[in-house]
Amino acid sequence: MHIRPRLNRCFLRKNKLNQTSRAPFPVPMGSSSPSPSPEPPQSSAPAGGASNASLRWHILRRALLSRSASPHASEGTSNEPQEKGDTNKISRKTSRGFNLIECHTVPISQLNKSQGGSLNGNENGVECQRDVYVCYKLPCGGSPELNVIYRRDDSLELNDIEASNRFNIDTTGLVCCWPSEEVLAFYCINRSDMFRSKRVLELGAGYGLAGLVIAASANAGEVVISDGNPQVVGYIQQNISINAETFGQTKVKPMTLHWDQEQASDMLNSFDIIVASDCTFFKQFHQSLARTVKSLLKHSETSQAIFLSPKRGDSLNKFLDIIKEYDLCYELIENYDPTVWNLHRSYVAGDDTSWPNYNEEHCYPLLVRITFGHFV
C-alpha cells in the first residue's frame, strides 16, 4: 500500500498468519520488525504442546516449501495434520470478512475472453495465470457490477519480496481485499451523495475496491486510486480499464504514491475527500501518513478524510495523537453503519460463528473523520 516493513509483513499477510491482526511473528535476524500489537489471551502451548512462536514458524515453513521447487517441498511429517490444526487455532486469518457486498468468482479466462485476450500480461507484470476475477454486484441503484482482478491465494513469490526490498515498498496490496476495505466500500456506497462532483483520493488502496466503488456509484468528478507498490498499481490500472464503462463521466486514474515523498504541486491541497482503510497499524508511518493527508486535503470547511481502521492495541490512538500534532481535527465513531454494527455485535457475542477467530481489537474497523476545522 505504501512504504512499510517488508519481509516479515509480506509473510504475515500472505501466509495466513493473521490476515486481520498481523499478530506478533518471530522475524529473521536482520529484518525490520514493528512492535507487536497485543493479542487476546492464549495458552502458551496449544494442543500438541507447541508454543505459539513455534507454530508461526511452522506456518512460514509451509509457505516457503509450497513455493519451492525442492523435492522436499512435498514431503510431509507424521504430525502434519495436528500441526495444521494447531496453527489454525493461533491464526486470526479472515476467512470471510463481513460479506457486505454480493460477489462471486469467475475464471480469469472468461474475463480474458471478454477483453479480447488483453489480460495475458502487461508492462507491470500482471499475469493472467496467477490471477482471479471477482465480480461484485453493488447494492445501489441499478445494481451495477464491478469486475476486480486479484492475485490468487498463495501466489506471492520470493521475487515479489525481493522487489519490495529493492525498492523499499510493500507487497501487502497484492494479497487480497482486506475486511476494512470491504467495509469502507460498503460505507461509501451508502453515502454516495457525499462524493458527488468531488475530487476523491484513496490512499494505500491495494486493488482499489473502495475507489472503484466510489467511481461506479457516486458520480464523483474524479477518483484517484493510489498505492506505493508499482505492481499493485498495475492491478489498479487493469481494474480501472475493465470497468471503464461503469464509471460514467467520472474520471478515474491510478497513481503510485509514497507517503514519505513530496507530492506533485498540482496535487497539493486539491482533494475534497480522502479515503483509506487499515492504514494506521505501523506507528513508524503515522507521521508520513498524517503529513500526506494534510498536504493533499483541500483547505475547505467541507473537505474531509475518512479512515476505517481497527484499534490494533494502541496503534490507532497513537495515530490520532499525531493527527492533533498536525493541527488536524478528528472524530472517532464506533457505530457508523447499522448493518456493520449488527454483524460486529453478532460476531462478538458468538451468535454468528462463521468468523470463529473474530477479535474486536483487530477485526472491527472504527471510523475516523479528519478535517481542518472543528466538529460541531
Under 3.5 Å, is there a donor-acceptor pair between the side chain of [X] and the main chain of [Y]?
| X | Y | answer |
| --- | --- | --- |
| Ser300 | Ser303 | yes |
| Ser295 | Leu268 | no |
| Asp227 | Gly206 | yes |
| Glu334 | Leu332 | no |
| Glu182 | Leu100 | yes |
| Glu202 | Ala276 | no |
| Ser270 | Met267 | yes |
| Glu222 | Arg199 | no |
| Asp337 | Val340 | yes |
| His258 | Gly228 | yes |

Any side-chain heavy atom of [X] within less than 4.5 Å of one from [Y]?
| X | Y | value |
| --- | --- | --- |
| Tyr347 | Ser354 | yes |
| His286 | Leu289 | no |
| Trp355 | Cys363 | yes |
| Cys103 | Cys135 | no |
| Met194 | Ile273 | yes |
| Lys294 | Tyr326 | yes |
| Pro179 | Tyr364 | no |
| Phe372 | Cys329 | no |

What is the distance from atom [atom1] of [X] to atom [atom2] of [Y], rounded to the nearest 0.5 Å?
| X | Y | atom1 | atom2 | result |
| --- | --- | --- | --- | --- |
| Leu366 | His344 | CG | NE2 | 8.0 Å |
| Thr280 | Leu316 | OG1 | CG | 5.0 Å |
| Ser226 | Leu203 | OG | CG | 4.5 Å |
| Ile242 | Leu146 | CD1 | CG | 9.0 Å |
| Asn317 | Lys283 | CG | NZ | 9.5 Å |
| Ile236 | Met255 | CD1 | CE | 11.0 Å |

Check against side chain to side chain contact (heavy atoms under 4.5 Å, CB included), Ile101 and Ile189: CA-CA 10 Å; Ile101 305 175; Ile189 289 173; 4.0 Å; yes
Under 4.0 Å between a Lys/Arg side-chain N and an Asp/Glu carboxylate O for [X] and [Y]?
| X | Y | value |
| --- | --- | --- |
| Lys137 | Glu145 | no |
| Arg196 | Asp193 | yes |
| Asp351 | Arg345 | no |

List in chain and number order the residues that pass side chain to side chain donor-acceptor pair (under 3.5 Å) with His299, two or more places apart in sequence or in another chain; answer none if no residue qualifies.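 With neighbours one apart ignored, the set is Asn269.
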Stepwise side-chain hydrogen bond (donor to acceptor under 3.5 Å, both in side chains) test for Asp131 and Tyr235: CA-CA 10 Å; Asp131 298 336; Tyr235 277 92; 2.5 Å; yes
Start with the C-alpha distance between Tyr133 and Tyr150, add both sets of side-chain angles, then the distance that settles ring-ring contact (aromatic ring centres under 6.0 Å, His included), and finish with yes or no. CA-CA 6 Å; Tyr133 155 41; Tyr150 296 99; over 10 Å; no
Using the six-membered ring wherever Trp is involved, compare the ring planes of Phe319 and Phe307 and label them parallel, tilted or perpendicular (cut-offs 30° and 60°).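 Phe319 and Phe307: parallel rings.
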Test side chain to side chain contact (heavy atoms under 4.5 Å, CB included) on Ile306 and Leu367 and set out the steps. CA-CA 7 Å; Ile306 300 170; Leu367 186 143; 4.2 Å; yes
If we ignore angles and hydrogens, is there a donor and acceptor under 3.5 Å between the side chains of Tyr136 and His104?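 No.
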For Ala215 and Val252, work out which heavy atoms get closest and say how close.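 Smallest heavy-atom distance, with atoms named: CB-CG2, 3.5 Å.
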Indicate the atoms forming the closest heavy-atom contact of Ala218 with Ser192, along with that distance.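 Ala218 and Ser192 have their closest heavy atoms at CB-O, 3.5 Å.
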Check the pair Arg151, Tyr207 against side-chain hydrogen bond (donor to acceptor under 3.5 Å, both in side chains), reporting the backbone distance first and the verdict last. CA-CA 9 Å; Arg151 279 278 193 94; Tyr207 293 97; 5.4 Å; no
Taking the six-membered ring for Trp and the full ring for Phe, Tyr or His, determine whether the centres of Tyr336 and Trp341 are under 6.0 Å apart.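 For Tyr336 and Trp341, the ring centres are not under 6.0 Å apart.
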Taking atom CD as the centre, does Gln249 end up with more than 12 heavy-atom neighbours from other residues, nucleotides or ligands that are less than 6.0 angstrom away?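 No, CD of Gln249 has 12 or fewer neighbouring heavy atoms, counting only those of other groups under 6.0 Å.
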